[in-house]
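Take this structure, written in structure tokens, and hold onto it; I'll ask about it next.
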Amino acid sequence: MKCVICKSSDIQNKMIEEEIKSGKDIILVPLNVLVCMNCGERYYDGDTMRRIEDVRSRLKQNDLEVEEVGKVLRAV
Ligand SMILES: [Zn+2]
């Protein structure tokens, strides 16, 4: 497989954290995806897309188990 963006064939399976925004909160979703090592483009397969959709819909229903890992801060 080649990267559609930069044509590099250096694509590897990586654990990443997808960021999903919910109001002012950001939910990190650990995912195993293919990442282009050259330009950083991420390739999501069907299972991964379903996982993200699942998290999104659980978020809406307040049915997602989460833990606080940090704070979002803003300079004043
Ligand atoms: Zn690339």
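Just follow the structure's listing: the first ligand is 1, and inside any ligand the first atom is 1. Counting begins at 1 with the first residue of the sequence.
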key: Identified side chain to side chain contact (heavy atoms under 4.5 Å, CB included) counterpart of Ile20 within the set Ile52, Leu64, Ile26   = Ile52

message = More than 12 heavy atoms of other residues, nucleotides or ligands under 6.0 Å from CE of Met49: yes or no?
response = no

key: Spacing of CD belonging to Glu41 relative to CG belonging to Leu34, to within rounding of 0.5 Å   = 11.5 Å

inquiry  = For a quick test of reading the model, state the closest non-hydrogen atom pair linking Asn38 to Cys6 and the distance between them.
reply    =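 Taking every non-hydrogen atom into account, ND2-SG, 3.2 Å.
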
ask   = Does the pair Arg51 and Asp47 meet the rule for a salt bridge (Lys or Arg N to Asp or Glu O under 4.0 Å), with working shown?
value = CA-CA 6 Å; Arg51 166 97 177 111; Asp47 282 350; over 6 Å; no

Closer than 2.8 Å to the Zn ion (ligand 1) - protein N, O or S atoms, ordered by chain and residue number =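 The answer is Cys3 SG, Cys6 SG, Cys36 SG, Cys39 SG.
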
query = Do Val66 and Leu59 come close enough that some side-chain heavy atom pair is under 4.5 Å?
reply = no

